[in-house]
Amino acid sequence: MSEPKELSPSFEPVAQDAADLPEGWLQVQSMDLDAQGVARKPDGKVIFIDGALTSELVTANTHRKKNNWEQASLVAIHRESSQRVRPGCQHFGLHAGACGGCKMQHLHVGAQVAVKQRVLEDNLWHLGKVKAETVMRPIEGPAWGYRYRARLAVRHVIKKGQVLVGFHERKSRYIADMQTCKILPPHVDAMLMPLRALIASMDARDTCPQIELACGDSVTAMVLRHLEPLSAGDIDRLRAFGAEHGVQWWLQPKGPDTVKLLDEGGEQLSYALPDFGITMPFKPTDFTQVNPHINRVLVSRALRLLDVQPQERVIDWFCGLGNFTLPLATQAREVLGIEGSEALVARSRENYVLNQAVAQDRKALAATSFVARNLFEMTPEMLVADGAADKWLVDPPREGAFALAKALADIEQARIGAEGAGPLPAGAEGWTPPKRIVYVSCNPATLARDAGLLVHLGGYRCTAAGMVNMFPHTAHVESMAVFERA
């Protein structure tokens, strides 16, 4: 387990001298990203309290001690926060067997956004020494029924005589006994108990460890991981369930590359980006955003901030399926999408051809090419070889885009003749850095690290940053930052 981190207050607490509190009481000063309340004991030692909220007066039971901090569980609340709300799901809480899928259901969703915004600002400043010139309004959407992608664990518990399907318990390898899940789409939530009954009825009930959910705009796909070949009877059971509940079944006997449709035909899994007239087919194991409502707003805001002009060339780094690339192709002169996965690059090309073919009511998409490359091994020479672009869109995984930001910074340092800088790579004399970069991040720590490189060594200003509440009730922080050439 990683060490907890103390954050600055998510909203102003009511200050009270610790000496005035009854013995054993603690005043919660802030929250960390794991939704733990942060307080200080009378001796100044930091204590992280599971279930406590900012401004509350509580007592807690310490269960882990280190030299500089302690972890504790909430015992009693003596003054409740005005931001505390009743959780929307019966399986959320601190009790034994509670589901670990959410961490913040007890906190008002507006306060969740404030906590995540503060996490972003704190990371930018403390890790990258960067302060955004403008803090953008958070992107928010539905707080419930938003999770269109999920990996559900499956377990036949012989001692209980039942099958469990769902997320793991809090801080446990066991599967929670979930009968409902309010962050899943309502039609999937209604399927949880029928899914349990389905698996319980199968011959392979002991060798199906996982179901991966992927909802498109009109198709609900489920990928059944099975460790042994399925019997004819089990295939019939899956087909009957699919027909009754509107599920498109996919089977996965081994690794992700073995995933295939149970029955060919039927409607294709896809989602739309209506602001750009784009439709994105995908396979259930492809990476797509969990929250399609937020994704549409995210793409629209990113392109609005990038402000691509018809004569400009744009590079979309970590382009995936083309979630940003194809919308960019409706605005730019030329687009290059670069992605580490050969399979996703192939899918991007297919999606480009599909959308180009149906572009009847709008102008044709711009010339767009896709390249597969390991972006974690980017060098200044490779960057120059990709050619100059007016704008960049960067959307990396949790590891961030360190090699890309460093390559850009190294070229800038060589250009200005900074002490210790290497030589300009061949061809860099005529190469120009992008005027603007929009960086979409799923990890504020790696965004802050990369922002530090861009601002302090790459010749950029961070003109704006803001959070995106892609995952309400969880500790996940999605964000966006804009960088302009200084």
Side-chain angles (χ1 to χ4, degrees), residues 5-13 29-35 38 53-55 82-83 104 107-143 289 291 293-307 324 391-396 398 400-401 405 434-456 458-486:
K5 291 181 171 59
E6 184 178 4
L7 303 173
S8 52
S10 54
F11 51 90
E12 288 300 317
Q29 296 293 331
S30 63
M31 288 182 69
D32 76 353
L33 191 49
D34 283 325
V38 183
L53 300 179
T54 303
S55 82
S82 61
Q83 302 297 319
M104 295 185 177
L107 180 63
H108 187 278
V109 69
Q112 293 179 30
V113 170
V115 169
K116 294 178 182 184
Q117 182 70 43
R118 184 59 60 91
V119 167
L120 170 62
E121 293 176 49
D122 282 357
N123 275 268
L124 282 172
W125 179 246
H126 294 301
L127 300 181
K129 294 295 179 281
V130 171
K131 187 174 178 64
E133 295 171 14
T134 300
V135 175
M136 293 186 288
R137 183 190 179 105
I139 294 178
E140 301 181 67
Q289 293 290 5
N291 188 329
H293 318 287
I294 293 294
N295 183 57
R296 293 187 195 108
V297 182
L298 178 71
V299 173
S300 295
R301 179 182 281 190
L303 266 67
R304 188 165 63 251
L305 291 168
L306 209 53
D307 191 26
F324 290 101
K391 310 278 175 67
W392 282 6
L393 191 293
V394 184
D395 182 20
R398 290 190 60 80
K435 296 177 291 188
R436 181 176 299 164
I437 300 171
V438 170
Y439 189 132
V440 178
S441 167
C442 57
N443 183 345
T446 52
L447 168 62
R449 176 201 64 198
D450 299 345
L453 277 173
L454 293 172
V455 170
H456 302 303
Y460 286 85
R461 300 156 40 222
C462 181
T463 57
M467 67 81 56
V468 180
N469 202 18
M470 182 75 74
F471 295 80
H473 312 299
T474 76
H476 186 95
V477 179
E478 192 98 5
S479 55
M480 185 185 299
V482 184
F483 301 90
E484 300 267 4
R485 281 292 290 174

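Positions are given from 1, in the same order as the sequence printed here.
- What you find for Y439 and P396 is that their closest heavy atoms are OH-CG, 3.5 Å.
- Of all non-hydrogen atoms in A481 and C462, the two that sit nearest each other are CB-SG, 4.5 Å.
- Inter-residue side-chain proximity for R296 and R301 is flagged as unmet; no heavy-atom pair is nearer than 4.5 Å.
- Between M104 and A475, the closest heavy-atom pair is CE-CA, 4.3 Å.
- The CD atom of E484 sits 9.5 Å away from the CG atom of L305 when rounded to the nearest 0.5 Å.
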Quick one: do E121 and V135 satisfy side-chain contact (heavy atoms from CB on, under 4.5 Å)? Show the steps, please. CA-CA 9 Å; E121 293 176 49; V135 175; 4.1 Å; yes
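- Geometrically, R485 engages Y460 in a cation-pi contact defined by less than 6.0 Å to the ring centre and at most 45° from the axis.
- Nearest heavy-atom pair across G128 and H456 is O-NE2, 3.0 Å.
- A side-chain hydrogen bond (donor to acceptor under 3.5 Å, both in side chains) check over residues 107-116, counting only residues at least two apart or in different chains, returns the pairs Q112-H473, K116-N469.
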What's the verdict on side-chain contact (heavy atoms from CB on, under 4.5 Å) for T463 and R436, showing C-alpha distance, side-chain angles and the deciding distance? CA-CA 10 Å; T463 57; R436 181 176 299 164; over 6 Å; no
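- Counting heavy atoms from C-beta outward, P138 and M467 have side chains that approach closer than 4.5 Å.
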Candidate pair V299 and N295, rule side-chain contact (heavy atoms from CB on, under 4.5 Å), full reasoning: CA-CA 6 Å; V299 173; N295 183 57; 3.9 Å; yes
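- One finds the CE atom of M480 at 11.0 Å from the CG atom of L447 (value rounded to the nearest 0.5 Å).
- The heavy-atom pair separating Q29 from T54 by the smallest distance is O-CG2, 3.5 Å.
- Residues passing the side chain to side chain donor-acceptor pair (under 3.5 Å) test with K435, sequence neighbours excluded: E312.
- Residues I294 and Q289 form no side-chain contact, since every pair of their non-hydrogen atoms from C-beta on lies 4.5 Å or further apart.
- If you run side chain to side chain contact (heavy atoms under 4.5 Å, CB included) between F483 and each of V394, D450, L454, only L454 comes through.
- A donor-acceptor pair is defined here as one N or O able to donate and one able to accept, closer than 3.5 Å; such a pair exists between the side chain of S441 and the backbone of N443.
- The main-chain N or O of F471 is found under 3.5 Å from a side-chain atom of T474 such that the two form a donor-acceptor pair.
- Summarising the geometry, atom NE2 belonging to H293 is positioned 11.0 Å from atom CE belonging to M470; distances are rounded to the nearest 0.5 Å.
- With contacts defined as side-chain heavy-atom distances shorter than 4.5 Å, the pair L107/L53 qualifies.
- Looking at F324 and V440, their side chains come closer than 4.5 Å, going by heavy atoms from C-beta outward.
- Rounding to the nearest 0.5 angstrom, the gap separating the CG atom in N123 from the OG atom in S479 is 9.0 Å.
- No side-chain heavy atom of V438 sits under 4.5 Å from any side-chain heavy atom of W392.
- Other residues, nucleotides and ligands contribute over 12 non-hydrogen atoms within 6.0 Å of the NZ atom of K129.
- You'll find the side chain of E140 reaches within 4.5 Å of the side chain of V113, heavy atoms only.
- Looking at heavy atoms from C-beta onward, Q117 lies out of side-chain contact with M136 at the 4.5 angstrom threshold.
- Taking CD1 of I437 as the start and CG of L306 as the end, the distance is 9.5 Å to the nearest 0.5 Å.
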